[in-house]
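Quantities reported herein were computed from a predicted structural model and do not represent experimental measurements. The sequence lines fix the lettering, A, B, ..., with proteins before strands; numbering per chain opens at 1.
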Protein chains: 2
Amino acid sequence: MSSEARVSSLDVARRAGVSRSAVSRVFTPGASASAETAAKVRRAAEELGYRPNALARAVITGRSRIIGLIVAYLDNQFYPVALERLSNALQERGYHILIFTAGNRDEDISGILQELIEFQVDGIITASVGMTNDLTRRCAAAGIPVVMFNRGQPGSGLSSVTSANRAGGAKLAEFLVAGGHARIAHVAGWQGSSTGVDRKTGFVDRLAALGREPLDVIDGMYDREITMAATRDLMARPAPPDAIFAGSDHTAFAVMDVLRGELGLDVPGDVSVVGYDDVPIAAWPGYDLTTIRQPVGRMVEATVETLLAQIEAPDRPAQALEIAGDLILRGSARIPEGYGP
Amino acid sequence: MSSEARVSSLDVARRAGVSRSAVSRVFTPGASASAETAAKVRRAAEELGYRPNALARAVITGRSRIIGLIVAYLDNQFYPVALERLSNALQERGYHILIFTAGNRDEDISGILQELIEFQVDGIITASVGMTNDLTRRCAAAGIPVVMFNRGQPGSGLSSVTSANRAGGAKLAEFLVAGGHARIAHVAGWQGSSTGVDRKTGFVDRLAALGREPLDVIDGMYDREITMAATRDLMARPAPPDAIFAGSDHTAFAVMDVLRGELGLDVPGDVSVVGYDDVPIAAWPGYDLTTIRQPVGRMVEATVETLLAQIEAPDRPAQALEIAGDLILRGSARIPEGYGP
DNA sequence: CCGCAGCTTGCATAGCTGTGCAATGAAACG
DNA sequence: CGTTTCATTGCACAGCTATGCAAGCTGCGG
């Protein structure tokens, strides 16, 4: 409530008639202080508007309670939703998110790692970022725990939390085949990412197990424009697909926009479309998209638990968690007999 | 490249055969150091993987280069887009965003202010948050500059950056009247926010100036469900509206989903719909929404400039900036003669 | 009444860095 | 070659807090 000069523990100590140590102990859980001095200190702190300096505290305890979040892009709604939940989950545990936006270029990521070290972050979460092996090595060298959210990197020694992407891709393959589709195409997610590769692999392998093969697989790079171009290309062929699996909901919307908006086709009458993620928009009647749900809540919980555990015990081995996701039936694809309620 | 022990400037100094001061000066722009020692120091730092401790630096300079961002929700796509740009703009200037998610309840905000002070943030940006006057006073007391993004609070003494919301509302009123609509309704943005109030006021006032009045004005709270309920209510009346202005694009999508998805109506054949923001989805063929563009890029620039200027010169008076936004013509509303190209 | 145990509290130090000040060295100039 | 000047560098201190250690005090039991 005083003027704008920053107020330190010394000011509080003087006003309360005690030493700095006493003030520090009052604000340190687990330290011993008598009820009387605690009251005096709290009152003085209140009057002066004092709060302990978390940065100075971090310098001496070696714990900043800051988590660095590296995120490449936010246009896929899955990531803002996850960001909000991550922030809430970490806030509840006394941690905070320092955000870093980066393209997927190596030099971006490299520079960001420097800054993460400068800010003494206790841990790192990456989202929608494909890490390089170089970065992997440097993180390990810096001794900062890393959890990759919605990405994995086998053999990197880094923890990761993903949904069961291969299983999800397989479910969609079965679903589309059961729906009686003849020409099934896949506009895949970025093949530089584990999610993009795993979904594709699970999808193609299950098709093969059913004695089928995809009409075509094109890398849509998780990009709206590229996916739209790929869709136009597919549909311009003599025998166009009657079902398209897009690598994410965000790109499935792009596919549907081309089919309905540009080509005047009916979904699912002419072409069935399925996606992956179950972002909120997928439930809107405008798209009503059949998709695999990525359980954001549980993925976030697992990410936070894993990261904090690794911060507590740095020697704990990294673990790659996969969380199963359900097929969500909606109106964008023919529903075969036996599915649904 | 070494083991995981944190490496300090003393380690680098020893390895380079110089004093701590020399190391500090090499990493402080503007300080004097000979080319020779700079080379020695940089080399030793490289070998040890040293980076200066930004937290310790912040303790002594009194500048953390951390900006606190308070955001209430991210489901309206306008905010993730803004967040990404804010982060980029600040990163370019050597600042970073510490993120705080909060509901709009007073106790949330109050607790967050404590944490903002603890982390010694140099400035605060609020987005999608309605601040209380109490918070206003406490921020001023703490001496931390605040810029409200996409919100204003007249008379609070806080800086703000918004688009010209009254002017935008007026443009939409004119546009809908020129389109020959007979019964014009407004499902407004949250009336506890300046944007919601200003857009409504500009809209209603211009209607009045044209000798018209709205069929009804309902507070949609910027919430999808509430807006959908309001739309159902409007359309169930004996004389339903033939044009609806929704307080944001995000809620305009909700209106369209009810009209087309639930009621089987044609947009704009039966009802014209307009929104506000011009988020990316508004341009997708699935919605193709006529709206007022909020120029995110310029709003972000202005926010960053204002905040940094206020950090440099704390006595600088607060300013409320308004940035004009254009009417973007698309297919969700009848286009009157004389508009368009 | 005395000794001991246990809780409090102040002192001093640690944890990392920026920066004023003075000393050192070299370079430049006469 | 002598002197002045300037850049450079080390020392010491500041900035804010946590914590081990020892001293003080209180209370309890003998």
Next item on the list: Measure the distance from CG on B:L55 to C1' on C:dC16 and round it to the nearest whole Å.
Entry: 10 Å
Margin query: So if I take every side-chain heavy atom of A:T37 and compare against D:dT19, C:dT19, C:dT9, which nucleotide ends up nearest?
Written below: C:dT9
Margin query: If you go through the side-chain atoms of A:R25, does one of them form a donor-acceptor pair with the base of C:dG10 closer than 3.5 Å?
Written below: yes
Check: Given D:dT17, D:dA18, C:dC16, which nucleotide is nearest the side-chain atoms of B:A56?
Finding: C:dC16
Item checked: Donor-acceptor side-chain pairing of A:T101 and B:N88 below 3.5 angstrom -> yes
Notebook entry, point to check: Is there a donor-acceptor pair closer than 3.5 Å between any side-chain N or O of A:T306 and the backbone N or O of A:A302?
Noted result: yes
Next item on the list: Using whole Å, report how far CD of B:E36 lies from P of C:dG25.
Entry: 15 Å
Check: Within this structure, what is the CZ-to-P distance between B:R14 and D:dG10, rounded to whole angstrom?
Finding: 14 Å
Next item on the list: Answer with yes or no whether the side chains of A:S8 and A:Y50 bring together a donor and an acceptor at under 3.5 Å.
Entry: no
Notebook entry, point to check: Quick one: which of A:Q120, A:E115, A:Q114 gives a side chain to side chain donor-acceptor pair (under 3.5 Å) with B:R51?
Noted result: A:Q114
Check: A:I60 has a side chain; which of D:dA18, C:dG20, C:dT9 sits nearest to it?
Finding: D:dA18
Note to self: For a quick check of understanding: with a heavy-atom distance under 4.0 Å over all strands, which category does A:S34 fall into, base, sugar-phosphate or nothing?
What the structure shows: sugar-phosphate
Next item on the list: Have a look at B:S159 and tell me which of B:Q319, B:R316, B:Q310 forms a side chain to side chain donor-acceptor pair (under 3.5 Å) with it.
Entry: B:Q310
Item checked: Nearest-nucleotide 5' precedence on DNA chain D, B:S21 against B:V59 -> B:S21
Notebook entry, point to check: D:dA18, D:dC11, C:dG10: which one has an atom nearest the side-chain heavy atoms of A:T28?
Noted result: D:dA18
Next item on the list: Specify the separation, in whole Å, of atom CZ of A:R20 and atom P of C:dG10.
Entry: 11 Å
Check: According to a strict under-4.0 Å criterion, is A:S19 in side-chain N/O contact with OP1 or OP2 of C:dT9?
Finding: no
Check: According to the interplanar angle, ranging from 0 to 90°, do the rings of A:H96 and B:F100 count as parallel (below 30°), tilted (30 to 60°) or perpendicular (above 60°)?
Finding: tilted
Next item on the list: Scan A:A58 against the nucleic acid and name what it touches under 4.0 Å (heavy atoms): base, sugar-phosphate only, or nothing.
Entry: nothing
Checklist line | Under 4.0 angstrom between B:S24 side-chain N/O and C:dG18 OP1 or OP2 | finding: yes
Check: What's the CZ-C1' distance between B:F119 and D:dT17, to the nearest Å?
Finding: 14 Å
Note to self: Rounded to whole Å, please give me the gap between CD in A:E118 and C1' in C:dC16.
What the structure shows: 14 Å
Notebook entry, point to check: Is A:S9 near enough to D:dT17 that one of its side-chain N or O atoms lies under 4.0 angstrom from OP1 or OP2?
Noted result: yes
Checklist line | A:Y50 side chain near D:dT17 phosphate (N/O to OP1/OP2, under 4.0 Å) | finding: yes
Checklist line | Among C:dC16, C:dG10, D:dT9, the one nearest B:S32 by side-chain distance | finding: D:dT9
Next item on the list: Determine the contact category for B:S8: base if any of its heavy atoms lies under 4.0 Å from a base atom, sugar-phosphate if only primed atoms, P, OP1 or OP2 are that close, otherwise nothing.
Entry: sugar-phosphate
Margin query: In this structure, how many angstroms lie between the P atom of C:dT17 and the CZ atom of B:R51, rounded?
Written below: 11 Å
Next item on the list: Quickly work out the B:R63 CZ to D:dC16 C1' distance and round it to whole Å.
Entry: 18 Å
Item checked: Options C:dC11, D:dT17, D:dA12, nucleotide nearest the side-chain atoms of A:N53 -> D:dT17
Note to self: Suppose we call a contact any N or O donor and acceptor under 3.5 Å apart; does that hold for the side chain of B:R57 and the base of C:dG15?
What the structure shows: no
